[in-house]
K.L.:
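Would you mind keeping the following structure in view while I ask a few things?
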Amino acid sequence: MQVALESNAFFMGVEYLAIFCCGLVGGLAAVRKQYDLFVILVIAWLTALGGGILRDVLLEVPPVGITDRWSVLTALVSGIAIAIIHPEINKLKWSMLMLDALALGLFAVNGTAKAMYLGTSGMTAAFLGMATALGGGLTRDILLNDVPMIIRDKHWYAVPSAVGCVLTVFVCKGRMSGLLNAEQEIALDLVIIMLIVGMRMASVVYNIKFPGAVERHNVYLPGEGRYLRRPDITPKPHDEASGRGGRRARWDEDDDS
């Protein structure tokens, strides 16, 4: 069964736009580090198509990143473009952020759907969808010796893609079971993409972040007195003097401190 978004010319055009924008983002990172044109092209190509290559290798199918000529050409053209217009692109912060979020949503939905229709389980498809969405940027940051974006960016980045991948699994299951037709699947895929974009942009605009580790000032270990209160069964002197010789338990004074 063909992936729903790949059967629609409009969504295919948007996907090529997403590839182009991802290539611009990756190429710009190489430009900022003052690398030569060849490195800029390689980084642009890997950023745009690296996630799809990783997904297809895991699925044991020919990788789109090296078999689809239009995808490869789009990624390479983005590298050439960024080498020329990088001063202008560098100033389009919000536009590039929006297009990067759109690419994140498209790759997450497309990657998950492709894995589902190739017979993987829902959990596997969700992970492969996230690999498609995040793999290119991860590869770029590793090659450029940067902290990966999914770790460096404290705003929601991986979380929206994970939510979108899980929802796409349910949409694909509905289509495969006959509950949805192709048009309904495309409509729901579009809603999921917009949800991913909305979550990503809202987290940046309103500075929404996940909390870190719980701040603690006191440390309680199992060996401390309040956890191990051992009874003292040693006879007291007045017990021995009275001849009772009995044992009466009392708590250690140190434990009550």
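These numbers come from the heavy atoms of this one structure, side chains and all, not from hydrogens, waters or symmetry mates.
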K.L.:
Carefully, step by step, assess H217 and E215 under the rule side-chain contact (heavy atoms from CB on, under 4.5 Å).
P.N.:
CA-CA 7 Å; H217 300 286; E215 186 175 354; 3.4 Å; yes

K.L.:
What's the shortest heavy-atom distance between T112 and C165, and which atoms?
P.N.:
OG1-SG, 3.3 Å

K.L.:
Say whether T124 and S121, considering side chains only, have a donor N or O and an acceptor N or O under 3.5 Å apart.
P.N.:
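The answer is yes; a qualifying pair exists.
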
K.L.:
Rounded at 0.5 Å granularity, tell me how far CG in L58 sits from CD in E60.
P.N.:
9.0 Å

K.L.:
Would you name the heavy atoms of I40 and A83 that are closest together and state the gap between them?
P.N.:
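So the two residues come closest at CD1-CB, 4.4 Å.
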
K.L.:
Do L102 and M194 pass the side-chain contact (heavy atoms from CB on, under 4.5 Å) test, and can you show the C-alpha distance, the side-chain angles, and the key distance before you say yes or no?
P.N.:
CA-CA 8 Å; L102 180 61; M194 291 300 101; 4.2 Å; yes

K.L.:
Is V166 reachable from L180 through a run of hydrophobic residues whose side-chain heavy atoms are each under 4.5 Å from the next?
P.N.:
no

K.L.:
Evaluate the criterion side-chain contact (heavy atoms from CB on, under 4.5 Å) for residue pair D189 and E185; output intermediate values, then yes/no.
P.N.:
CA-CA 6 Å; D189 286 342; E185 182 184 13; 3.8 Å; yes

K.L.:
Side chains of I19 and F107: closer than 4.5 Å at any heavy-atom pair?
P.N.:
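Yes, their side chains come closer than 4.5 Å.
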
K.L.:
Could you go through the side-chain contact (heavy atoms from CB on, under 4.5 Å) check for S71 and L49 one step at a time?
P.N.:
CA-CA 8 Å; S71 296; L49 300 173; 4.1 Å; yes

K.L.:
Is any side-chain heavy atom of Y157 closer than 4.5 Å to one of L134?
P.N.:
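Yes, their side chains come closer than 4.5 Å.
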
K.L.:
Taking the side chain as every heavy atom from C-beta outward, state whether V205 and W94 have any atom pair closer than 4.5 Å.
P.N.:
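In contact.
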
K.L.:
Could you report the tightest heavy-atom contact between A125 and T120, atom names first, then the distance?
P.N.:
CB-OG1, 3.6 Å

K.L.:
Answer yes or no: is there a side-chain heavy-atom contact under 4.5 Å between V147 and I151?
P.N.:
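Sidechains of I151 and V147: in contact.
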
K.L.:
Measuring from atom NZ of K33 to atom CG of L143, what distance do you get when rounded to the nearest 0.5 angstrom?
P.N.:
11.5 Å

K.L.:
Treating Ile, Leu, Val, Met, Phe, Trp and Tyr as nodes and any side-chain heavy-atom pair under 4.5 angstrom as an edge, say whether I66 and V42 lie in one connected cluster.
P.N.:
yes

K.L.:
Determine whether more than 12 heavy atoms belonging to other residues, nucleotides or ligands lie under 6.0 Å from atom CG of N145.
P.N.:
no

K.L.:
By the definition side chain to side chain contact (heavy atoms under 4.5 Å, CB included), identify the one residue from V197, I196, L99 that meets it with L104.
P.N.:
I196

K.L.:
Distance check, rounded to the nearest 0.5 Å: I82 atom CD1 versus L24 atom CG?
P.N.:
5.0 Å

K.L.:
Show the nearest heavy-atom pair for residues A75 and A44, with the distance to one decimal.
P.N.:
O-CB, 3.9 Å

K.L.:
Are W156 and M199 side-chain neighbours, meaning at least one heavy-atom pair lies under 4.5 Å?
P.N.:
yes

K.L.:
Has the side chain of D146 got a donor or acceptor atom that lies under 3.5 Å from a matching backbone atom of P148?
P.N.:
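Side chain of D146 to backbone of P148, a donor-acceptor pair under 3.5 Å: no, none is there.
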
K.L.:
To the nearest 0.5 angstrom, please state how far the CD1 atom of I89 sits from the OG atom of S78.
P.N.:
10.5 Å

K.L.:
So do the side chains of H155 and I208 get within less than 4.5 Å of each other, counting heavy atoms only?
P.N.:
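Heavy-atom side-chain distance check fails, nothing below 4.5 Å.
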
K.L.:
With a 4.5 Å cut-off on side-chain heavy atoms, are R140 and L46 touching?
P.N.:
no

K.L.:
When you group the ILVMFWY residues by side-chain heavy-atom contacts below 4.5 Å and let the links chain together, are L128 and M130 in the same group?
P.N.:
no

K.L.:
Tell me, yes or no, whether the heavy-atom count around R69 atom CZ, taken from other residues, nucleotides or ligands under 6.0 Å, exceeds 12.
P.N.:
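No, not enclosed.
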
K.L.:
With the side chain counted from C-beta on, respond yes when I142 and L138 share a heavy-atom pair under 4.5 Å apart, and no when they do not.
P.N.:
yes

K.L.:
Rounded to the nearest 0.5 Å, how far does CG of L195 lie from CG of L190?
P.N.:
11.5 Å

K.L.:
Checking the side chain of W45 only, and the main-chain atoms of G50 only, is there a donor and an acceptor separated by less than 3.5 Å?
P.N.:
no

K.L.:
Checking the side chain of D56 only, and the main-chain atoms of V61 only, is there a donor and an acceptor separated by less than 3.5 Å?
P.N.:
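The answer is no, because no donor-acceptor pair under 3.5 Å joins these two groups.
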
K.L.:
Rounded at 0.5 Å granularity, tell me how far CD1 in I43 sits from OH in Y35.
P.N.:
8.0 Å

K.L.:
Treating Ile, Leu, Val, Met, Phe, Trp and Tyr as nodes and any side-chain heavy-atom pair under 4.5 angstrom as an edge, say whether L54 and L106 lie in one connected cluster.
P.N.:
no

K.L.:
Counting only heavy atoms from other residues, nucleotides and ligands, does the tally under 6.0 Å from CZ of F20 exceed 12?
P.N.:
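More than 12 heavy atoms, drawn from other residues, nucleotides or ligands, come within 6.0 Å of this atom.
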
K.L.:
Would a hydrophobic clustering, with Ile, Leu, Val, Met, Phe, Trp and Tyr connected at side-chain separations under 4.5 Å, put V109 with M201?
P.N.:
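Result: yes, single cluster for both.
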
K.L.:
Of all heavy-atom pairs between I84 and P87, which one has the smallest distance, and what is that distance?
P.N.:
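Heavy atoms only, the tightest pair is O-CD, 4.0 Å.
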
K.L.:
Nearest heavy-atom pair of S161 and A133: which atoms, and what distance?
P.N.:
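So the minimum-distance heavy-atom pair works out to CB-CB, 4.2 Å.
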
